Structure formats: structure tokens, C-alpha cells
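First up is the structure itself, then whatever we jot down about it.
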Amino acid sequence: MVTVRAPATSANLGSGFDVFGVALDRPADIVHVERADRTTIEVTGVGSQYIPTDPDRNVVGAVAEALDAPAHIRIDKGVRPSSGLGSSAASSAAAAVALNELYDRGLSREELVPVAAEGEAVVSGEAHADNVAPALLGGFTVATDEGVTTVDADIPLVACLPEIAVSTRDARRVVPSDASIEDMVHTVGRAATLAVGMCRRDPDLVGAGMHDRVVTPARAELINGYHAVREAALDAGASGVTVSGAGPSVLGVCQAADRTRVAGAMLEAFDEADVAARAYKTRVGRGAEVFEL
Ligand SMILES: Nc1ncnc2c1ncn2[C@@H]1O[C@H](COP(=O)(O)OP(=O)(O)OP(=O)(O)O)[C@@H](O)[C@H]1O
Ligand SMILES: N[C@@H](CCO)C(=O)O
């Protein structure tokens with residue numbers, strides 16, 4: 001048996017739609033795999049009642065198929081599905097690493113990115129790699145058609161998860177199909193600022209680079225309380241706030257000493273909007289880890 005822990009992730013970071021991602025140091029999924037003649041799946045943990053065990057509908061089924069690695073796969077969910085915290089990617093990445101070990105396929109973490117992205121195609125219709133890349137490699141990742149670039153960033157974060165479900169498939173439908181040249185210039189500037197901030201480990205620069213005028217405003221409408229939560233986090237000291245992944249989680253970046261205050265302000269603002277929520281005080285973390293062979 002092989003057991004792998006793969007972390008939650010936050011994709012987009014505002015200005016880096018479908019490109020930027022970070023691994024969070026918590027929460028995480030744990031996946032156990034054992035060789036079998038055909039793939040079977042068992043799911044326990046947070047939100048497991050909403051996750052199919054049919055290999056054609058669970059992301060890990062697509063990963064097993066892509067690696068030609070049938071197995072009994074047991075998923076212990078720590079990342080709530082439809083959270084915007086890369087729940088499906090955590091399972092896909094953990095399964096990819098575990099099955100690669102179990103069947104001695106010899107693929108590198110970079111080579112496993114397109115394999116794990118096959119899982120994302122099952123749930124959102126597109127094999128975007130911005131969540132699976134950090135879940136596999138850790139740190140801050142830039143996923144493009146040319147491959148993945150990683151930065152071993154160390155940035156404090158608060159991820160606030162409201163009790164609202166937003167599916168990635170639905171959130172992709174509201175993304176505008178075009179953008180003005182002014183919006184493009186704005187986005188490039190912010191994305192470049194964010195990338196420099198990650199390299200310099202500077203939360204202020206990262207926060208300044210998280211702003212986006214195209215995708216985030218459309219998706220904010222799917223999250224009851226988003227605008228108040230954003231304002232509250234900024235007032236409490238966050239340097240940037242945006243929708244995490246496809247939402248509904250809201251991601252804030254701040255100095256480590258401000259995390260508790262920022263988390264409290266976000267929770268209070270969701271509460272005032274009558275939305276129950278929980279906050280993870282976290283930071284950019286490591287990628288998937290094999291912890292039992
Ligand atoms: N192993 C799995 N883990 C989580 N969700 C799964 C899994 N397999 C299939 N799903 C389905 O995928 C959907 C959740 O994926 P979705 O991409 O919408 O959310 P997310 O991964 O939390 O979000 P995001 O990618 O925006 O961070 C749910 O419909 C769920 O049933
Ligand atoms: N980049 C993806 C991440 C969510 O899976 C999106 O925002 O739709």
C-alpha cells in the first residue's frame with residue numbers, strides 16, 4: 001500500500017487566471033492505494049457524501065486510467081469539495097503520486113502534472129493545471145502550455161471558506177469571453193507584481209498584485225457577502241484579497257502577525273451576511289508527500 005498527503009491549493013490569485021497557484025500548508029487530502037484488477041474507490045471525510053465513488057466520475061478514476069494503474073483507492077477528504085481550495089486537485093495529485101509509486105512508473109512530479117490534470121477535466125470539463133501543479137510541486141506555481149515554473153515562496157495567507165457551494169463548472173460559465181486592452185494591461189501589470197512578490201517573499205507586493213478587473217468581479221456575484229468580507233480583511237491589514245480558485249473561498253494575504261485579525265474580520269463579515277464560514281490561517285506550503293510505503 002502507498003499513502004500520500006496532498007495539500008489544498010488556491011488558484012488564479014486574482015491576476016493569474018488559469019496560470020497561478022499556491023500550495024497551502026493546510027488542509028489536505030490523504031489517499032491510500034493498493035494494487036487491484038480494476039479500480040474501486042472509497043471516500044471518507046469532509047463532504048464525502050457529495051463525492052461519487054464511480055471511477056468514471058471521481059477524479060482519481062481518471063488518474064488511474066491515465067497511468068494504466070488499476071487500484072483500490074481510499075480517499076480521506078480534508079479539503080471540502082466545491083470549496084475553491086482545490087479539493088478535486090488534492091485527490092488527483094495524491095492519486096497520481098501514489099499510483100506512480102505503486103506501479104513504479106518512474107514519472108517525475110513535473111510529468112505527473114498533465115496526468116493529474118486529467119482528473120480536473122472530469123469535474124470542470126477542462127484539464128487546467130493551476131491547482132494540480134502546486135498540489136504536486138508545492139510553493140507558488142506558474143502553469144502554462146510550456147510547462148510549470150515553481151518558486152519556493154513563503155507567504156502568510158488566510159483562506160476563508162463559507163458554507164456555500166460553487167462548482168468550478170458553473171463558475172467558469174460566468175467568466176467574460178473578452179477583455180479590453182486596458183484590462184489586459186492592468187492584469188499583466190498586477191500579475192508581474194505578484195510574481196516578483198512571490199520571489200521576494202514580500203506579502204505587500206503579492207497582495208498588490210492580486211487585483212483583477214475581469215474574472216473576479218463576475219465570480220464575486222456568486223459569493224454572498226464577498227464585497228463586505230474583502231473590505232473587512234483589507235481594513236484588518238490584508239494587503240490583497242481575492243476569490244480563491246472558482247470560489248466560494250476568499251483568500252487574503254497579509255503579514256504573519258496580522259493573520260488572526262484578518263481571519264476574525266473575514267468571519268465576522270460573513271456572519272453579518274448570515275453565512276456560516278471557517279477560516280484557515282495558513283501559508284504557502286509543500287506539495288504532495290509520500291508518508292508510508
Ligand atoms: N476526489 C474528489 N474530490 C473532490 N471532489 C470530487 C472528487 N471526485 C469528483 N469530485 C467532484 O468534483 C466537484 C468538486 O470539484 P470543483 O473543481 O468544483 O471544486 P474544488 O476542487 O474545491 O474547486 P477549485 O478547483 O475551484 O479550487 C464536486 O462535484 C465533486 O463531487
Ligand atoms: N483556474 C480555475 C481554478 C478552479 O479549478 C478556475 O478559476 O476556474
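As the structure lists them, so they are numbered: ligands from 1, and atoms in each ligand from 1. Hydrogens, waters and symmetry mates are skipped; everything else that's a heavy atom, side chains included, is used. The first residue of the sequence shown is numbered 1, and numbering continues consecutively from there. Everything quoted here is computed from the prediction, not taken from an experiment.
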**Report entry** Which segment of Arg169 sits under 4.0 Å of ligand 2 when only heavy atoms are counted
**Finding:** neither
Report task. Just need the protein heavy atom nearest to atom 17 (O) of ligand 1, so name the residue and atom and give the distance. Result -> Thr168 OG1, 2.7 Å
Query raised in the report: Is the shortest N/O to N/O distance between Pro52 and ligand 1 below 3.5 Å?
Result: no
Report summary line: Closest to atom 20 (P) of ligand 1 among protein heavy atoms sits Ser87 N, 3.6 Å
Query raised in the report: Regarding Ser244 and Ser10, is there a side-chain donor-to-acceptor distance under 3.5 Å anywhere?
Result: yes
Report task. Among all protein heavy atoms, pick the one closest to atom 11 (C) of ligand 1 and tell me residue, atom and distance. Result -> Val123 CG1, 3.4 Å
**Report entry** Ser87 versus Ser82, closest heavy-atom pair with distance
**Finding:** CB-N, 4.5 Å
Report summary line: Val22 and Pro134 have their tightest heavy-atom pair at C-CB, 3.5 Å
Requested in this report: Would you mind telling me if ligand 1 is within reach of the side chain of Ile75, the backbone, both or neither, using heavy atoms under 4.0 Å?
Outcome: side chain
Requested in this report: Would you mind listing which atoms of ligand 2 come within a distance below 4.0 Å of any non-hydrogen atom of Asn131?
Outcome: 3 (C), 4 (C), 5 (O)
Report summary line: Numbered in order shown, the ligand 2 atoms found under 4.0 Å of a heavy atom of Asp18 are 1 (N), 2 (C), 6 (C)
**Report entry** Heavy-atom side-chain proximity of Met210 to Leu251 below 4.5 angstrom
**Finding:** yes
Report summary line: atom 3 (N) of ligand 1 sits nearest the protein heavy atom Lys77 NZ, 2.9 Å
Query raised in the report: When you measure from atom 29 (O) of ligand 1 to every protein heavy atom, which one gives the shortest distance, and what is it?
Result: Ser82 OG, 4.3 Å
Report summary line: Contact region, Leu85 to ligand 1, non-hydrogen atoms below 4.0 Å, reads backbone
Report summary line: In terms of heavy-atom contacts, Arg109 and Ala288 come closest through NH1-O, 2.8 Å
Requested in this report: Report yes or no: does Gly84 have a heavy atom closer than 4.0 Å to ligand 1?
Outcome: yes
Query raised in the report: Among Gly245, Pro248, Ala171, Gly86, which residue places a heavy atom closest to atom 27 (O) of ligand 1?
Result: Gly86
Report task. Check each atom of ligand 2 against the heavy atoms of Thr168 and keep those under 4.0 Å away; list them by number with element. Result -> 4 (C), 5 (O), 8 (O)
Report summary line: Note: ligand 1 atoms sitting under 4.0 Å from heavy atoms of Arg57 are 9 (C)
Query - Which atom of Thr193 lies closest to which atom of Ala208, heavy atoms considered - result: CG2-CB, 4.4 Å
**Report entry** Contact atoms of ligand 1, heavy-atom distance to Val59 under 4.0 Å
**Finding:** 1 (N), 2 (C), 7 (C), 8 (N), 9 (C)
Query raised in the report: Mind checking whether Thr9 has an N or O less than 3.5 Å away from an N or O of ligand 1?
Result: no
Report summary line: heavy-atom search around atom 30 (C) of ligand 1 in the protein gives Tyr50 O, 4.1 Å
Query raised in the report: Backbone or side chain, does any N or O of Ala89 fall under 3.5 Å from an N or O of ligand 1?
Result: no
Requested in this report: Considering heavy atoms of the protein only, find what lies nearest to atom 5 (O) of ligand 2 and give residue, atom and distance to 0.1 Å.
Outcome: His128 CE1, 3.0 Å
**Report entry** Protein residue, atom and distance nearest to atom 6 (C) of ligand 1, heavy-atom basis
**Finding:** Ile51 CG2, 4.0 Å
Query - ligand 1 atoms in contact with Ser167 (distance to a heavy atom under 4.0 Å) - result: 18 (O)
Query raised in the report: Is Leu137 reachable from Leu13 through a run of hydrophobic residues whose side-chain heavy atoms are each under 4.5 Å from the next?
Result: no
**Report entry** Sidechain N-carboxylate O distance under 4.0 Å for Asp152, Arg201
**Finding:** yes
Query raised in the report: For ligand 1, which atoms, with element, lie under 4.0 Å from some heavy atom of Ala246?
Result: 26 (O)
Query raised in the report: Where do Arg26 and Arg5 come nearest, in terms of heavy atoms and distance?
Result: CA-NH2, 4.4 Å
Query raised in the report: Ser91 side chain to Ser88 main-chain N or O, any donor-acceptor pair under 3.5 Å?
Result: no
Requested in this report: Please report the C-alpha distance between Thr282 and Asp25 in whole Å, then the side-chain angles of each, then the deciding distance to 0.1 Å, and finally whether the side chain to side chain donor-acceptor pair (under 3.5 Å) criterion is met.
Outcome: CA-CA 6 Å; Thr282 182; Asp25 74 350; 2.6 Å; yes
Query raised in the report: Are Asn58 and Ile75 side-chain neighbours, meaning at least one heavy-atom pair lies under 4.5 Å?
Result: yes
Query raised in the report: Looking only at N/O atoms, are Ser83 and ligand 1 under 3.5 Å apart anywhere?
Result: yes
Query raised in the report: Tell me, which pairs form a ring-ring contact (aromatic ring centres under 6.0 Å, His included) where one or both residues lie in residues 166-191, sequence neighbours left out?
Result: His186-His211
Query raised in the report: Any link between Leu194 and Val215 through a network of hydrophobic side chains (Ile, Leu, Val, Met, Phe, Trp, Tyr) touching at under 4.5 Å?
Result: no
Query raised in the report: Quick one: does ligand 2 sit under 4.0 Å from the side chain of Val175, the backbone, both or neither, non-hydrogen atoms only?
Result: neither
Requested in this report: Distance to 0.1 Å, residue and atom name: give those for the protein heavy atom nearest to atom 8 (O) of ligand 2.
Outcome: Arg172 NH1, 2.6 Å
Query raised in the report: So, is Ser91 polar-close to ligand 1, with some N/O to N/O distance under 3.5 Å?
Result: yes
**Report entry** Within 6.0 Å of CD in Glu289, more than 12 heavy atoms from elsewhere
**Finding:** yes
**Report entry** Minimum-distance protein heavy atom relative to atom 15 (O) of ligand 1
**Finding:** Ser88 OG, 3.6 Å
Query raised in the report: Leu161 and Ser249: which non-hydrogen atoms are nearest, and at how many Å?
Result: CD1-OG, 3.3 Å
